[in-house]
Amino acid sequence: MGTSRKSLARDQNRTAYLFLLPWLLGFFLLTAGPMAGSLYLSLTKYTLLSPPTWIGVENYARIFAEDDTFRGSLWLTFKYVFLSVPLKLAFALMIAMVLNKGLRAIGLYRTVYYIPSLLGGSVAIAIVWRQIFDGTGAVNRALAWLGIEGPSWIAHPDYIIHTIVTLSVWQFGSAMVIFLAGLKQIPSDLYEAAQVDGANGWRRFSRITLPMLTPVIFFNLVMGVINSFQAFTPAFVIGDGRGGPLDATMFYTLYLYLKGFSFFEMGYASALAWIMLLIIGLLTAVIFVTSKYWVFYGDNKEGR
Amino acid sequence: MTTATTMKTRLAGPLKHLPVIALGLLMIYPVLWLIASSFKPNQLIFSDPSLWPATFTLDNYKNGWAGFQGISFGRFFANSFVISILSVLGNVITCSLAAFAFARLKFSFGKLWFALMLVTIMLPYHVTLVPQYVIFNELHWINTYYPLVLPKWLATDSFFILLMVQFIRGIPKDLDESATIDGCNYKQIYFRIMLPLLTPALITTAIFTFIWTWDDFFSQMIYLSDIRLFTVQLGIRALFDPSGSSDWGALLAMSALSLLPITAVFLVFQRYFLEGIATTGLK
């Protein structure tokens, strides 16, 4: 009996590894291996044509000490992340709350608001965006109609970032769908009790809705920061593909791409990639650590 | 008083819809602009702002479809479909295999592997980019579809593994236990019990893999430079000249066409989409 159970466990072990085989291969050959590889390459000078030569931390030293483009692209990417993620979440929450008020045809509205999230990542929409924000495009026509003279959103280095942020905020639909699902989870007796106690709309929102949604906000925040830090297509297509005008579309990933695949400084690009990994890791860690002060998991600690 | 309140509520119903509809139109405007412009003659695209073409033409579609350098857009569409479908199959098969092992089987270092799988969800693509390129270059796989499709057949989109693990955990264990008593081995449990019950999660995986692969631009641009292998996204980017001398009609027509497959998938599988997003937070 004992031996057969042991052989059963061994059998299960072997079967499990068979099922896991594709993932294990992918993990070692395409994830863990290349990660170690890029850490090594980041300490070398490597152009793909000749074998890498070891230069220690020189790439990192150059990046931090003398690379203005790096600093500019990091600042630009931070600006993009810290503008687009909160705006997108605020919009998503606001519209979700309006739709949650028991409107008829909510399914149709949800679909319409979701469509931008569906299509927004494509090159096609980025091109459309460029056109409707361009000098005499639809946006400036609408502004002119209101008596405002709009700037050249694409050509001017100060404004093009806002064009790209708008494209991201426009895609609030997926976050909205998550918020809608979260709103449905809030027990209605909480609101009824609050109403009996005479709490007004704002207090009901700030004391019930918002705290109950914090796990959803937390999730959206983490995924939003990780994803928008890696944004590439909008900057590449709305800008000129080389970071212009005046490096105003030089997002971090675009700079990494140009360094690695235009100038073939692959060691340098690897160093940029590792710095990016550390920054994203750090940002995520900050959100995780602070989450215990603001994320409410309804774990029944109170009131018992 | 009572009539006043009923009046108020009766009016409030449709009135509440107004801002929602207005914002909805604003949201959908860029898409409508794209569709309308693709039917306008070139010289009217930027001068006529209306959403209904004054002169209606199909020339843009004809010119766009003709492609460039002797290769038609039909080829690009076919290429995109090949890559997307191979990617979907890869993800559905290998992610479900891994998910079954993680969710149901006991094996050595199981917790460690699971934790590593979770970590890979958060990893930015760029940190493996350069060495992956070097490897694929050594294998002479640049200008082939292997670098785009092989990762999906090795379950590197671990996000979908997590999605399926969570789904399998919701399936009662009695089902596989009674199947074991009936003499099923793990292979049979996977094929006869798990896969059929997992269908909703498999469909969610399939549609999101399709859309992300169809829209993928970065890795396609890095690995494909031979025009015969171009995808729809690369074809559109090639038609587009940021300095302004593009054939706008053709470009917008092909752009509109490029959104069609994703929209079709969305409309057919809408239910899975919205459920998939709501329960897992997919984009």
Side-chain angles (χ1 to χ4, degrees), chain A residues 12-13 15-17 19-20 22-23 25-27 29-31 34-35 37-38 41 48 98 103 109-113 115-119 121-125 127-129 132 136 138 141 174 177-178 181 219 223 226 230 232-233 240-241 253 256 260-261 266 269-270 273-274 276-277 280 284, chain B residues 16-17 20 24 27-28 30-31 33-34 46 49 94 97-98 100-101 105-108 113 116-117 120 122-132 134-135 137 151 153-156 161 186 211 215 217-218 222 233 236-237 240 242 251 255-256 258-259 262 266 270 274 277-279 281 283:
Chain A
Q12 189 170 133
N13 204 35
T15 321
Y17 274 97
F19 274 95
L20 272 185
W23 178 78
L25 282 175
F27 178 75
L29 297 179
L30 295 175
T31 308
M35 263 185 84
S38 75
L41 286 180
L48 204 65
V98 172
L103 280 181
Y109 294 133
R110 203 172 51 171
T111 304
V112 168
Y113 286 130
I115 282 180
S117 301
L118 177 75
L119 307 177
S122 60
V123 174
I125 289 295
I127 289 174
V128 169
W129 218 255
I132 59 180
T136 55
R141 269 177 213 270
S174 54
V177 172
I178 303 174
F219 176 83
M223 294 317 281
I226 293 178
Q230 300 176 57
F232 177 82
T233 310
D240 62 2
T253 48
L256 194 156
F261 296 89
M266 292 202 147
S270 299
W274 264 86
M276 173 177 176
L277 175 70
I280 291 182
T284 315
Chain B
K16 256 197 304 195
H17 284 258
V20 184
M27 290 289 290
I28 210 95
V31 182
W33 180 87
L34 171 64
F46 299 115
T94 58
L97 286 171
F100 176 64
L105 301 178
K106 279 202 174 63
F107 52 99
S108 43
W113 292 129
L116 286 173
M117 188 273 289
T120 59
M122 305 244 226
L123 280 184
Y125 175 63
H126 306 82
V127 80
T128 56
L129 175 69
V130 170
Q132 274 192 20
V134 173
I135 294 169
N137 187 44
W153 283 88
L154 295 180
T156 49
I161 302 180
Y186 295 115
I211 290 171
D215 270 353
F217 174 63
F218 189 69
I222 284 177
Q233 307 293 330
I236 293 175
R237 185 58 179 75
F240 171 58
L251 173 62
S255 296
S258 80
L259 302 178
I262 315 176
F266 172 66
Q270 218 186 113
L274 297 172
I277 302 160
T279 50
K283 206 175 160 253

* Asked: Considering only heavy atoms, which portion of B:Ile262 lies under 4.5 Å from any heavy atom of chain A: side chain, backbone, both, or neither?
  -> both
* Asked: Using the ring of each side chain (for Trp, its six-membered ring), is B:Phe218 parallel, tilted or perpendicular to B:His126, with breaks at 30° and 60°?
  -> tilted
* To do: Looking only at non-hydrogen atoms, find the nearest pair between A:Leu119 and A:Ile125 and report the distance.
  => O-CG1, 3.4 Å
* Side chain, backbone, both or neither: which part of B:Trp113 has a heavy atom under 4.5 Å from chain A? -> both
* Asked: Given a strict heavy-atom distance threshold of 4.5 Å, which part of A:Leu256 is in contact with chain B: side chain, backbone, both, or neither?
  -> side chain
* For B:Ile222, is it the side chain, the backbone, both or neither that has a heavy atom under 4.5 Å from a heavy atom of chain A? -> side chain
* Structure fact -> Under 4.5 Å to a heavy atom of chain A? For B:Tyr186 that would be both
* What residue, out of B:Gly24, B:Pro30, B:Ala101, B:Ala256, has the most heavy-atom pairs lying under 4.5 Å from chain A? -> B:Pro30
* Can you name the side chain to side chain contact (heavy atoms under 4.5 Å, CB included) partners of B:Val20, sequence neighbours left out? -> A:Val98, A:Leu99, A:Leu103, A:Tyr109, A:Tyr113
* **All side chain to side chain donor-acceptor pair (under 3.5 Å) counterparts of A:Ser38, not counting sequence neighbours** => A:Trp274
* With a 4.5 angstrom heavy-atom cut-off, could you sort out which part of A:Leu277 is near chain B: side chain, backbone, both or neither? => both
* Relative to chain B, which segment of A:Met276 carries a heavy atom at a distance below 4.5 Å: side chain, backbone, both, or neither? -> side chain
* Asked: Is there a donor-acceptor pair under 3.5 Å between the side chain of A:Gln12 and the backbone N or O of B:Lys106?
  -> yes
* Asked: Any idea which heavy atoms bring A:Pro116 and B:Met27 closest together, and the distance?
  -> CG-CE, 3.4 Å
* Structure fact -> Applying a strict 4.5 Å limit to non-hydrogen atoms, the region of B:Ser108 in contact with chain A is both
